[in-house]
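Here it is, the structure in full.
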Amino acid sequence: ITGFFQRPDYLYMLQNEDDSYKNVTTFFLAYVTDEAFEELGSKNCLYLVQYTEENSEAFRKEINEKFYMRTYLAAQENMRIDMVKMQAEMFIYMSYIILAVMPLVVVVLVSIVINRKVKSEQKLIGTLTALGYKKSRLMLHYAGFAMIPGILGGIFSTVLSVLFAQPFGELCLADYEPMRIECHMEVLPAVLGIIVPTLMYVLAAMRSVNKLLKKDAVLLLNGNAEQGERSYRNILVKKKISFRIKYALRSLIGNPGRTFVVFLGIFLGSYISLIGFGFLDTMENTKQNMIDEMGSYEYQYVLNELIKENEYGGEPVLMSVLENKSGEQFSIVGTEDNNPYLELKDLEGKPISLEKGYYITSVMAMLQDLQAGDMFTVCNPLTLEEFEIKVEGIIDNDVQNAIFCDRENVAELLGIDAECGNVIMSDIALQIPEEKILQTIKKSDAKEQFQNMSNQMNVMIYFLIGMGAIICVAAIYVAVNMLVSENRSNISMLKVLGYQDVQINQIVLRVNHILLPIGFLASIWPVFASVNWFMVFLADFIGMFPKAYVAPKSFVYTAGLVCLSYFGSLL
């Protein structure tokens with residue numbers, strides 16, 4: 001044993017309690033000896049309370065009566081603890097999207113391909129039927145072929161998962177207080193990863209064979225099993241329009257499975273890539289624009305004492321923390337209407353007067369499910385006194401989970417003099433004695449936190465964008481192969497009629513071009529809905545609601561990426 005160290009009571013390294021995201025470039029955890037710690041000159045007084053019963057409320061009341069409790073932070077509001085939970089839930093949700101939904105989409109695409117491949121062998125199936133092979137024998141025969149990609153692919157993916165579970169798990173926990181972890185592959189998902197795709201492939205093959213065997217054997221031998229279904233051949237038969245347009249429309253409508261594969265590939269490629277850009281743009285937009293909703297001040301000095309006369313400059317306000325019945329905390333700000341650093345407006349953009357009562361921000365209204373006119377019970381977390389207030393209106397502010405009112409109302413809730421203040425807002429740095437400052441909050445720090453959050457998401461986001469391109473290429477490549485193989489007779493006919501290779505390529509391969517803008521446009525609304533849903537989930541933890549935003553350049557990048565994938569696949 002070379003020594004001992006004290007482990008902190010949290011896992012997530014934040015420099016200040018009100019920070020929502022880490023900054024490991026300037027602040028992290030270090031282990032030092034007792035002698036080295038003493039040389040720092042810091043004085044700490046620590047205590048530990050172990051409850052025999054659930055009597056934390058009684059303990060808080062007694063502490064406040066005998067001493068003075070400056071602040072109280074519940075575990076559920078402590079970002080040093082809660083962020084770990086949030087990131088764990090975020091990884092779970094993202095895993096369902098990336099590791100469950102996306103592979104299932106690929107499985108559907110492969111199932112469609114198997115279905116088309118079976119149909120392409122209708123002459124062989126007709127021959128085997130004529131030779132006396134039973135329906136069950138043929139279905140099992142093709143089911144056996146369909147099992148091969150399912151079993152081999154499942155085993156291969158399971159091996160990769162086992163190999164990458166530990167390093168990927170350690171990467172996800174790299175920003176927490178160092179701890180030993182063991183990641184492994186569970187047996188159930190490993191088995192499901194093999195069984196589910198294999199079962200879907202088998203069912204697709206058996207369904208396709210069963211459908212073909214219901215046709216007349218003569219039609220199967222001639223390769224015309226779908227002849228009765230091809231009413232699309234009469235589409236636009238009497239219309240005097242371009243042959244290429246007729247051919248394209250008949251090809252799209254007459255082959256709904258193939259058309260769906262192309263549309264799905266373009267849609268998913270656009271959706272996945274655009275949602276990645278959407279996350280980046282939303283964070284950047286919040287950093288550049290929404291942070292300014294907090295006010296025009298650049299510095300917020302939180303004092304460790306109440307002051308009546310301000311000799312330092314800036315604008316004094318009275319701020320504290322309240323909580324609801326569930327223990328969720330939010331800020332309350334007492335200020336005057338003429339505060340030069342705050343321009344408070346309602347959701348319609350009209351200025352408000354704090355003399356009328358209590359106003360809540362739009363993000364607080366969302367998190368607490370409140371509307372103008374509602375009665376709301378708040379609690380002083382230090383004295384545990386409860387008060388019922390009326391929501392006079394809602395302020396257009398998505399970055400502060402707070403109540404705004406005049407200083408008299410805040411003083412009444414806190415039981416102090418209305419002339420007191422404990423926070424000074426300023427647009428420039430003030431010369432305030434260091435011993436009187438409890439905390440200095442800079443607007444630039446909030447922007448830096450959003451930048452750090454965006455940087456941490458970049459790896460996953462670029463992974464999403466890359467996956468979108470891969471799915472787009474794969475789906476279109478499969479569809480083009482199906483298109484060419486199913487149009488061999490048409491291609492031969494066009495060559496006999498004297499069409500050049502370039503002309504044939506234009507006629508046959510251009511039929512899906514119309515799906516390119518349709519698939520891209522169809523992905524836009526789901527992208528905004530998905531980003532907004534994720535930001536609502538995030539708002540519950542960070543106390544602000546970044547509005548879903550996608551920059552115009554991201555639409556251009558995504559369109560370019562999808563077009564490159566599409567036309568690259570056509571080659």
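One is the number of the first residue; the rest follow in order along the sequence.
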For I394 against Q371, the heavy-atom pair lying closest together: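 It is CD1-CA, 4.3 Å.
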Hey, does L268 have a side-chain heavy atom less than 4.5 Å from the side chain of L264?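 They are in contact (side-chain heavy atoms under 4.5 Å apart), so the answer is yes.
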Polar side-chain atom of N422 near backbone of L306 as donor-acceptor pair, under 3.5 Å: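 Here the side-chain-to-backbone pair does not exist.
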Could you go through the salt bridge (Lys or Arg N to Asp or Glu O under 4.0 Å) check for E323 and R60 one step at a time? CA-CA 14 Å; E323 60 183 30; R60 288 166 59 186; 3.6 Å; yes
What is the distance from atom NZ of K356 to atom NZ of K390, rounded to the nearest 0.5 Å?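 Here the interatomic distance stands at 11.5 Å.
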Return the minimal non-hydrogen interatomic distance between S426 and L430, and the atom names on each side.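 Answer, listing the atom of S426 first, then L430: OG-CD2, 3.5 Å.
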Do V562 and L516 have side chains that approach each other closer than 4.5 Å (heavy atoms only, starting at C-beta)?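 Touching, per the 4.5 Å side-chain cut-off.
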Are the side chains of Q368 and F330 in contact, using a 4.5 Å heavy-atom criterion?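 Side chain of F330 against side chain of Q368, heavy atoms only: contact under 4.5 Å found.
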Donor-acceptor contact below 3.5 Å, side chain Q166 vs main chain I181: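 Judged by distance alone, yes, a pair lies under 3.5 Å.
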Please round to the nearest 0.5 Å and tell me the distance separating atom CG of L382 and atom CG of N64.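 Answer for the CG-CG pair, L382 versus N64, is 6.0 Å.
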Mark yes when over 12 heavy atoms from residues, nucleotides or ligands other than E336 sit less than 6.0 Å from its CD; otherwise mark no.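 Yes - once you tally the heavy atoms of other residues, nucleotides and ligands closer than 6.0 Å, there are more than 12.
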Would the distance check show the side chain of K345 and the main-chain N or O of D396 forming a donor-acceptor pair, the cut-off being under 3.5 Å?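 The answer is no, because no donor-acceptor pair under 3.5 Å joins these two groups.
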Mutual orientation of the aromatic rings belonging to Y341 and Y297 [parallel < 30°, tilted 30-60°, perpendicular > 60°]: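 Geometry flag for Y297 against Y341: perpendicular rings.
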Counting neighbours of CD on E408 that are heavy atoms of other residues, nucleotides or ligands and sit closer than 6.0 Å, is the number greater than 12?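 Check passes, neighbour count above 12.
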May I ask you to check whether over 12 heavy atoms, not counting those of F537, lie within 6.0 Å of atom CZ?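 For F537, atom CZ is crowded (more than 12 foreign heavy atoms under 6.0 Å).
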Check against side-chain contact (heavy atoms from CB on, under 4.5 Å), F376 and N324: CA-CA 8 Å; F376 183 49; N324 62 10; 4.0 Å; yes
Working for side-chain contact (heavy atoms from CB on, under 4.5 Å), residues D427 and S296: CA-CA 7 Å; D427 57 349; S296 59; over 6 Å; no
Taking all non-hydrogen atoms of both residues, which atom of E355 and which atom of D406 are closest, and how far apart?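 Heavy-atom minimum between the residues: CA-OD2, 4.0 Å.
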Identify the two heavy atoms, one from F520 and one from A559, that lie closest to each other, and give their separation to 0.1 Å.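 So the two residues come closest at CE1-N, 3.9 Å.
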Within a 6.0 Å radius of atom CD1 on I307, are there more than 12 heavy atoms belonging to other residues, nucleotides or ligands?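 Enclosed.
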Side-chain contact, heavy-atom cut-off 4.5 Å: N409 with I389?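 No. Closest side-chain heavy atoms not under 4.5 Å.
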Is it true that atom CZ of F164 has more than 12 heavy atoms of other residues, nucleotides or ligands lying nearer than 6.0 Å?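 It does not: F164 CZ has 12 such atoms or fewer within range.
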Hey, are the side chains of P340 and E315 touching, using non-hydrogen atoms and a 4.5 Å cut-off?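 Yes. Closest side-chain heavy atoms under 4.5 Å.
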Where do I352 and D337 come nearest, in terms of heavy atoms and distance?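 That closest heavy-atom pairing would be O-OD1, 4.1 Å.
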When you look at F404 and N339, which way does the side-chain contact (heavy atoms from CB on, under 4.5 Å) test go after all the steps? CA-CA 12 Å; F404 284 83; N339 188 327; over 6 Å; no
So does T558 get a backbone contact from the side chain of S273, meaning a donor-acceptor N/O pair under 3.5 Å?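 Not a single qualifying donor-acceptor pair exists.
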Under 3.5 Å, side chain of Y301 to main-chain N/O of I432, donor-acceptor pair present?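 No, because the side chain of Y301 does not come within donor-acceptor range (under 3.5 Å) of the backbone of I432.
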Within a radius of less than 6.0 Å around CD of E309, do more than 12 heavy atoms belonging to other residues, nucleotides or ligands occur?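 Counting other residues, nucleotides and ligands, CD of E309 stays at 12 neighbours or fewer.
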Taking C-beta and beyond as the side chain, do M535 and K547 meet within less than 4.5 Å on heavy atoms?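 When only atoms from C-beta onward are counted, K547 and M535 do not touch, as no gap falls below 4.5 Å.
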How about E343: does its CD atom have over 12 heavy atoms from other parts shown lying under 6.0 Å from it?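 No.
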Can you tell me how far apart CD (Q329) and SG (C379) are? Round to the nearest 0.5 Å.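 The CD atom of Q329 sits 9.5 Å away from the SG atom of C379.
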For residues V321 and P381, report the shortest heavy-atom separation together with the two atoms involved.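 Looks like O-CD, 3.0 Å.
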Drop me the distance from D417's CG to R407's CZ, to the nearest 0.5 angstrom.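 One finds 9.5 Å between CG of D417 and CZ of R407.
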May I ask you to test the N532-F545 pair for a side-chain heavy-atom distance under 4.5 Å?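 Yes; the side chains approach each other to less than 4.5 Å.
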Is any side-chain heavy atom of Y359 closer than 4.5 Å to one of L344?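 A side-chain contact under 4.5 Å is absent here.
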Verify side-chain contact (heavy atoms from CB on, under 4.5 Å) between V550 and V531, making sure each step is shown before the conclusion. CA-CA 9 Å; V550 181; V531 174; 5.6 Å; no
Nearest-0.5 Å distance, CG of residue N397 to CE of residue M544: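 The CE atom of M544 is 9.0 Å from CG of N397, to the nearest 0.5 Å.
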With a cut-off of 6.0 Å (strictly less than), are more than 12 heavy atoms of other residues, nucleotides or ligands near CD of E89?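 Enclosed.
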Interatomic distance, L354 atom CG to I395 atom CD1 [nearest 0.5 angstrom]: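 The CG atom of L354 sits 6.5 Å away from the CD1 atom of I395.
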S530-Y271 side chain donor-acceptor pair, cut-off 3.5 Å: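 Y271 and S530 do have a side-chain donor-acceptor pair below 3.5 Å.
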